[in-house]
Amino acid sequence: MSTINAQSDRHTALSTTNGCVHNWSQTLIPTTREAPSDAETSSHIYMVRAGYIRQVGAGIYNYLPLAWRSLKKISAIVREEMDAAGASEFLMPALMPIELYKDTKRDVDYGNLLFTLEDRHGRRSALGPTHEEVITDLMCGAVTSYKQFPLNLYQIQSKFRDEARPRAGLLRCREFIMKDAYSFHLELEGDAGLNHTYDKMYQAYTNIFTRCGLDFSAVEAEAGPIGGSASHEFMVNCANGEDTILYCPESGYTANVEKAEIGQRDWSFDVAPTEELTKHHTPGMPGIDLVAEHLGTNAAGMLKSIVFRRTGTENKWVIAVVRGDHDVNEGKVRDAVGTGVEMAPEKEAKEAGFAIGYVSPRMIDSTKLTLVVDPDALAAASWATGADENDHHVTGFNWSRDMADAIAQDKIKVADIRNAQAGDPSPRAQGAKLEARRGIEVGHIFKLGTKYSKAMGLSVLNKDQKKQDVIMGCYGIGVSRTLSACIESAHDDNGIIWPLAIAPYHAQIIVIKPKDDGVMDEADKLAAELSAHGFDVLIDDRDDRPGPKFKDADLVGIPLRFIISPKTIEAGQIEFKARADEGKAELIDRAKAVEAALAKCESIA
RNA sequence: CAGAGAGUAGCUCAGCUUGGUAGAGCGUCUGGUUUGGGACCAGAAGGUCGCAGGUUCAAAUCCUGUCUCUCUGACCA
């Protein structure tokens with residue numbers, strides 16, 4: 001836990017100045033008993049029900065006061081840690097001319113994900129999904145000497161991506177709030193190098209998500225369309241997350257499924273056949289499970305042969321073979337064959353003779369191609385696989401017998417080309433097995449290298465008066481996604497349970513019978529005391545019955561809760577509990593209210 | 001992008017098959033009784049039935065087109 005305000009004895013989640021005090025009746029918190037029927041995930045349901053967000057369009061939301069308060073708290077933590085790590089905040093436009101994307105070809109590579117529009121003059125513009133191009137272009141004109149490096153600049157801004165399918169409230173939006181940072185270097189190593197900044201960002205991200213009170217993992221990840229060499233994702237651990245993470249309990253190795261390596265697996269071509277190769281008619285069976293059932297086996301008894309094409313080529317084919325119940329990992333295929341690959345376009349693959357849906361490794365005998373096989377696809381003596389002929393499969397396929405020529409000519413490459421899964425051998429600890437869990441990606445850091453600087457001509461003269469491409473890194477945090485990921489992992493059946501640091505308010509005062517003499521005065525007094533100690537306070541001053549107010553309090557999820565009523569005032573007491581505590585509030589001395597709140601901060605945060 | 005579904009009151013939905021005065025619950029407002037985990041009584045407001053055409057004496061309902069939203073998959077810094 002990082003302590004920014006070390007000179008203060010206040011809890012770091014509290015405000016360093018007086019906290020604010022707001023009355024429920026004077027802000028907008030439209031809670032509802034029922035969620036919209038289309039809300040499926042708990043963060044979506046609770047954010048709508050508790051009055052944090054309202055939908056405007058597909059993947060577009062209003063951030064109501066509660067959500068905005070939390071978003072500002074997350075942003076504040078991000079700013080503090082980024083600034084502390086030596087980055088400078090600035091702001092780029094969200095709107096930009098499409099021409100900026102020409103040099104890096106991301107107007108094409110990013111595809112439909114890029115929001116584009118046309119102005120009155122017919123000029124095409126884009127709404128920024130990330131800002132590598134804008135900042136690289138900026139740097140081309142703004143940085144002229146090697147002496148100005150390293151640099152690290154960041155912004156917090158709305159980003160736009162035309163997601164094919166926005167979903168789950170703020171988890172996958174078309175407009176969302178993101179912090180993006182870009183660093184510039186002339187070398188990899190040393191204090192001014194990319195690696196040093198990357199490590200600092202890794203640490204800053206660890207600080208940020210720790211301070212936000214999140215249960216998260218930093219995992220090795222694929223660089224994806226942004227490109228670059230190394231990358232880590234920061235994932236909120238959450239059972240219903242969209243991403244799968246694999247980790248080794250012994251070595252601590254943790255990686256996204258896209259990236260996770262699999263440890264050593266024994267294999268051999270030399271397995272004696274046990275069955276004749278037999279052809280079967282298998283028409284109209286979509287899906288490997290149906291075919292397997294028809295052939296009297298299961299998916300694990302079949303070979304799946306996926307046809308790829310080397311990117312940028314007309315007809316350099318690659319067949320990747322994995323066991324039927326495994327998934328091919330495109331990145332691993334790329335690494336295995338040494339060039340980029342893409343799924344073969346069906347039409348052209350068919351023209352080249354591939355019976356798509358019925359392809360087998362035996363295609364190598366008739367067509368020029370690269371064959372890569374996963375070790376697990378070699379283990380059995382007898383496989384069911386395609387017959388390289390429409391509507392037909394074979395059973396009894398055996399590598400040593402049916403692929404003898406290819407094996408003899410050493411034409412088969414064996415490599416780890418599938419997604420790792422739970423139970424696979426760990427790549428970092430002998431004998432250990434990988435375990436799987438789910439997560440929501442909230443941060444991603446990349447070593448970009450010179451991909452953008454080369455494409456856009458960002459170079460400077462170095463000390464030796466030689467022109468040198470600038471080395472870049474980029475670092476993103478999904479601010480609005482962090483908010484919903486937090487709820488996704490911290491709620492119960494009654495609503496949200498905020499960690500102190502990013503809750504819209506630290507404390508809520510529920511006033512019972514606010515119209516009775518002196519009751520609101522008492523609430524205001526307590527609020528002032530709490531505020532003086534840095535607590536942001538929400539007073540539920542609504543003239544409503546206690547039941548709905550308790551229900552709303554649970555829904556909204558403010559961490560600390562006081563209950564003031566005529567009864568307790570008379571007794572010189574007050575009720576107090578944390579949102580996360582089970583059961584009813586406990587009665588404490590009114591005089592000890594602030595003390596209790598401060599003590600509770602220590603135990604829950 | 002493929003498949004499926006939905007647009008009727010602020011929210012959740014019924015009505016549509018078989019065309020004939022626009023409905024319920026929750027919420028809101030007024031008055032009253034209440035006041036410790038989403039109360040009760042009485043009353044009220046609130047909807048060009050997504051939009052545009054068409055059929056018909058008559059369309060929320062039938063037909064055509066269109067827009068929007070959602071779900072599953074594909075895709076996804």
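We name chains A, B, ... by the order of the sequence lines, and we start the count at 1 in each one.
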In whole Å, measure the gap between the C1' atoms of rA60(B) and rU48(B) for me. 12 Å
Is a donor from one side chain sitting under 3.5 angstrom from an acceptor on the other, for T244(A) and R437(A)? no
Rounded to whole Å, please give me the gap between NZ in K551(A) and P in rC11(B). 23 Å
Provide the distance between the two P atoms, one in rA9(B) and one in rU61(B), to the nearest whole Å. 15 Å
Report all interatomic pairs (protein N or O, nucleotide N or O of nucleotides 28-34 of chain B) with separations under 3.5 Å.
from, atom 1, to, atom 2, distance (Å)
rU34(B), O2, R545(A), NH1, 3.3

Run through D581(A), D554(A), D552(A) and flag the one making a salt bridge (charged side-chain N to carboxylate O under 4.0 Å, His left out) with R561(A). D554(A)
Applying the 3.5 Å cut-off to both distances, the Watson-Crick or G-U partner of rG3(B) turns out to be rC71(B)
May I ask you to check whether Y182(A) and H131(A) place their ring centres under 6.0 Å from each other? no
Whole-Å distance, K567(A) NZ to rG36(B) C1', equals 6 Å
Atom-pair distance (CD1 on I510(A); C1' on rU35(B)), nearest Å: 14 Å
Using Watson-Crick geometry (N1-N3 plus N6-O4 or O6-N4) or G-U wobble (N1-O2, O6-N3), each under 3.5 Å, rG43(B) is paired with rC29(B)
Under a 4.0 Å N-O cut-off, is there an ion pair linking D180(A) with K159(A)? yes
When you measure from the side chain of L555(A), which nucleotide among rG37(B), rC76(B), rG38(B) comes out closest? rG38(B)
Reckon R481(A) touches a base, only the sugar-phosphate, or nothing at all at heavy-atom distances under 4.0 Å? nothing
Quick check: on RNA chain B, is the nucleotide nearest P548(A) upstream (toward 5') of the one nearest K159(A), or the reverse? Name the residue that is more 5'. P548(A)
Are F234(A) and Y202(A) an aromatic pair by the rule of ring centers under 6.0 Å? yes
Say we look at rC69(B) and rU12(B): how far apart would their P atoms be, to the nearest angstrom? 16 Å
K549(A) and D544(A) ion-paired at < 4.0 Å: no
Within this structure, what is the CZ-to-P distance between F550(A) and rG36(B), rounded to whole angstrom? 9 Å
Atom C1', compared across rA6(B) and rC11(B): separation rounded to whole Å: 16 Å
Quick one: look up who rG23(B) pairs with, Watson-Crick or G-U, both distances under 3.5 Å, and put none if it's unpaired. rC13(B)
Do H444(A) and Y475(A) have side-chain N/O donor and acceptor atoms under 3.5 Å apart? no
Indicate whether OP1 or OP2 belonging to rG27(B) is found under 4.0 Å from a side-chain N or O atom of R33(A). yes
Taking atom C1' of rC76(B) as reference, at what distance in whole Å does atom NZ of K259(A) sit? 18 Å
Rounded C1' spacing from rG5(B) to rG37(B) in Å: 37 Å
Could you check which nucleotide pairs with rU64(B) in any of the strands shown, counting Watson-Crick or G-U wobble with both distances under 3.5 Å? rA52(B)
Quick check: any donor-acceptor pair below 3.5 Å linking the side-chain of E34(A) to the base of rG27(B)? no
Heavy atoms only, 4.0 Å cut-off, all strands: where does Y475(A) land among base, sugar-phosphate and nothing? nothing
Considering only atom P, compute the distance from rG23(B) to rC49(B) and round it to an integer number of Å. 14 Å
Less than 4.0 angstrom from a charged side-chain N to a carboxylate O is my criterion; do E261(A) and K332(A) meet it? no
Identity of whatever pairs with rU34(B) - Watson-Crick or G-U, under 3.5 angstrom: none
Report yes or no: do E118(A) and S125(A) form a side-chain donor-acceptor pair below 3.5 Å? no
Could you check if a side-chain atom of E89(A) sits within less than 4.5 angstrom of a side-chain atom of R79(A), using non-hydrogen atoms only? yes
In whole Å, what separates the P atom of rG3(B) from that of rA74(B)? 16 Å
Rounded to whole Å, how long is the line connecting atom CD1 of I564(A) with atom C1' of rU35(B)? 17 Å
Provide the distance between the two C1' atoms, one in rU70(B) and one in rG50(B), to the nearest whole Å. 15 Å
What is the distance from NZ of K549(A) to C1' of rG36(B), rounded to the nearest Å? 11 Å
Mind checking P30(A) for me? I need base, sugar-phosphate or nothing, with any heavy atom below 4.0 Å counting as a touch. nothing
Suppose we call a contact any N or O donor and acceptor under 3.5 Å apart; does that hold for the side chain of T32(A) and the base of rG27(B)? no
Distances under 3.5 Å only, N/O to N/O: pair up the protein atoms with those of nucleotides 6-8 of chain B.
none

Would you call D243(A) and R438(A) a salt bridge, using N to O less than 4.0 angstrom? no
Protein proximity profile, nucleotides 70-75 of chain B - base contact B, sugar-phosphate-only contact S, no contact -, cut-off 4.0 Å on heavy atoms: SBBBBB
Could you check whether E163(A) pairs with R172(A) (Lys NZ or Arg NE/NH1/NH2 to Asp/Glu carboxylate O, under 4.0 Å)? yes
Do you know the tightest heavy-atom contact between S453(A) and T136(A)? CA-CG2, 4.3 Å
Is it the case that rG37(B) (base atoms only) and N494(A) (side chain only) share a donor and an acceptor within less than 3.5 Å, ignoring hydrogens and angles? no
